[in-house]
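Structure first, then comments.
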Amino acid sequence: MLPEANAAVDAVYRSDWGRIVATLIRLVGDFDMAEDVAQEAFAAAVDQWPASGVPEFPRAWIIQTARHKAIDRIRRRINFEEKVQSYADSGLLRTVEEPDYDISDGSEIPDDRLRLIFTCCHPALAPEAQVALTLRMLGGLETDEIARAFLVPVPTMAQRLVRAKRKIRDARIPYTEPDKADMPARLDAVLTVIYLIFNEGYAATRGEPLVRAELCAEAIRLAGLVRTLMTPQQLGEATALLALMLLHDSRRNARQDAAGDLVLLEDQDRSLWNQAQIAEALPLVVEALSDGPGPFALQAAIAAQHCRAARAENTDWPQIVRFYDLLERAQPSPIVSLNRAVAVAMAEGPAAGLALINAIGASGDLESFHLFHAARADLLRRLGSSAEAAMSYSRALALVTNDSERRFLGRRLAEVQPPLT
């Protein structure tokens, strides 16, 4: 029973962490307490389910257990009678009969997780803090996964999360969802959160699987919901994000081989791409580009160029470079510059791309980003500079944390490693 129970706990954590925390925050009104008691409830499940069996409604069991642990904390912290009464009024002690804990209340946001994303993206917090806190609380992402998304050290991100929670507590920022009129001001942060959840699913930070399909599916679902909440004037980037994720996700089945190893875009079997998703996304790209293209629309346009090419050699790399030129002006970042350099290498040759990558490297912004070193190594390999390529592959291997990517980089290193004498 032990393996099955542990697998069940892991499955609930991966698929329902955000919903569980969202429910608990609505019940207790405290971010820290909700996260802490949720973690304690999962720990209790690990201890109890192997002996008692997996409950019929695992998510409901976790929430009920966490609710009891929250009550125990309140008992220990302050006068029980007084606090229990105040929390009873707010619903903490309410017995929820529905096993899925659907506590919708006529809100204009028809999804509990999306409601909490909008709530966490409070304008009183710095934009990066909004996104980081929401990824932690809702996406269930660990601190190192969030740090990777922001290209900062893990201790730096941990401090940002602590400061964001402290500001919510000290400034008494209420846990209340925004009115529909206030949603546009939070839209950019909400879309960024959804995309970063997708990115963690598309290329997992650590562990064995390259892809976490459940995160990709959830991000696509949330983006579709966001579109339903926006007026026609606000649809552009929400539409673009949905298209972008559909296009990326359409390639999922071709991105790994039967052994679970990474397959590069240029080597993928394009017959495995999900043509229904591509057909759904391409009109959305056209729609988003016609609405004064923003960063997500430009990224979607780049993804569309790949999906329109029946073979890798048919890819319109000069057009992709032009889109990256626009994206670099609209949303300058080291990552955009790195991706543009790779596109230039495909359009103009590896020497042109390598010159750009070396210039990016001089800033030091991507020194801890394994894909920077992997991209540089690949261009050096193509140019026949095996010794330099080996050094860059070694650096990428020292930084990578995903097992599938590590095996791929190890094979590449072996191809260029000078033989021992």
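Predicted model, so just to flag it, every value in this text is computed and none were measured. Basis for what follows: all heavy atoms, side chains included, without hydrogens, waters or symmetry-related copies.
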Legend entry - W273 and Q268, any side-chain heavy atoms less than 4.5 Å apart: yes
Legend entry - S404 (side chain) donor-acceptor with G260 (main chain) under 3.5 angstrom: yes
Inset, instruction - Report the C-alpha distance between L354 and L380 in whole Å, list the side-chain angles of each, state the deciding distance to 0.1 Å, and finish with yes or no for side chain to side chain contact (heavy atoms under 4.5 Å, CB included). - result: CA-CA 8 Å; L354 182 61; L380 288 165; 3.6 Å; yes
Inset, instruction - Using modelled atom types only, decide if a donor and an acceptor are shared between the side chain of R186 and the backbone of F118 within a distance under 3.5 Å. - result: yes
Legend entry - Check: Y195 and L244 side chains under 4.5 Å, non-hydrogen atoms: yes
Legend entry - Heavy-atom closest contact (A303 atom, R251 atom, distance): O-NH1, 4.4 Å
Inset, instruction - Could you tell me whether the side chains of S337 and E328 share a donor-acceptor contact shorter than 3.5 Å? - result: yes
Inset, instruction - Using modelled atom types only, decide if a donor and an acceptor are shared between the side chain of S392 and the backbone of A389 within a distance under 3.5 Å. - result: no
Legend entry - side chain to side chain contact (heavy atoms under 4.5 Å, CB included) between H306 and I320, worked out: CA-CA 9 Å; H306 291 297; I320 289 176; 3.6 Å; yes
Legend entry - Straight-line distance of E218 CD to L114 CG, nearest 0.5 Å: 9.5 Å
Inset, instruction - Any chance you could measure L397, atom CG, to R412, atom CZ, to the nearest 0.5 Å? - result: 12.5 Å
Inset, instruction - Can you see which heavy atom on A38 is nearest to which on I20, and at what distance? - result: CB-CG2, 4.4 Å
Legend entry - Side chain to side chain, L371 and E405, heavy atoms closer than 4.5 Å: yes
Legend entry - Over 12 non-hydrogen atoms of neighbours within 6.0 angstrom of CE in M391: no
Inset, instruction - Please report the closest heavy-atom contact between A347 and P318, naming both atoms and the distance. - result: CB-N, 4.1 Å
Legend entry - F408 vs D261, side chain to side chain contact (heavy atoms under 4.5 Å, CB included): CA-CA, chis, key distance, verdict: CA-CA 7 Å; F408 173 82; D261 289 338; over 6 Å; no
Legend entry - Residue that, paired with L247, satisfies side chain to side chain contact (heavy atoms under 4.5 Å, CB included) out of L284, V285, I302: V285
Inset, instruction - Side-chain contact test, heavy atoms from C-beta onward, threshold under 4.5 Å: evaluate it for I62 versus Y13 and give yes or no. - result: no
Inset, instruction - Please determine, by modelled atom types, if N358 and R376 share a side-chain donor-acceptor pair under 3.5 angstrom. - result: yes
Legend entry - Donor-acceptor under 3.5 Å (E266 side chain, A312 main chain): no
Inset, instruction - Considering non-hydrogen atoms only, spot the tightest contact between L413 and A390 and give its length. - result: CD1-O, 3.4 Å
Legend entry - Test: R255 cationic atom under 6.0 Å from Y202 six-membered ring centre, within 45° of axis: yes
Legend entry - Ionic contact status for K69 with D72, cut-off 4.0 Å: no
Inset, instruction - Would you confirm whether R59, through its side chain, and V12, through its main-chain N or O, come within 3.5 Å as a donor-acceptor pair? - result: no
Inset, instruction - Ignoring hydrogens and angles, tell me if any N or O in the side chain of E237 forms a donor-acceptor pair with the backbone of A297 under 3.5 Å. - result: yes
Legend entry - I278 and Q275, any side-chain heavy atoms less than 4.5 Å apart: yes
Inset, instruction - Of all the heavy-atom pairs spanning I197 and A219, show the shortest one and how long it is. - result: CG2-CB, 4.4 Å
Inset, instruction - Would you indicate whether the side-chain heavy atoms of L356 and R340 approach each other to under 4.5 Å? - result: yes
Inset, instruction - Would you mind checking if R407 and D403 are paired as a salt bridge, meaning a charged N to carboxylate O distance below 4.0 Å? - result: no
Legend entry - Validation row: R270, L265 side chains within 4.5 angstrom (heavy atoms): yes
Legend entry - CD1 on I360 to CD1 on I335, rounded to 0.5 Å: 9.0 Å
Legend entry - Sub-4.5 Å side-chain heavy-atom contact between Q256 and V211: yes
Legend entry - Working for side chain to side chain contact (heavy atoms under 4.5 Å, CB included), residues R221 and L225: CA-CA 6 Å; R221 184 186 73 84; L225 282 175; 3.4 Å; yes
Legend entry - From D378 atom CG to Y393 atom OH, the distance as rounded to the nearest 0.5 Å: 4.5 Å
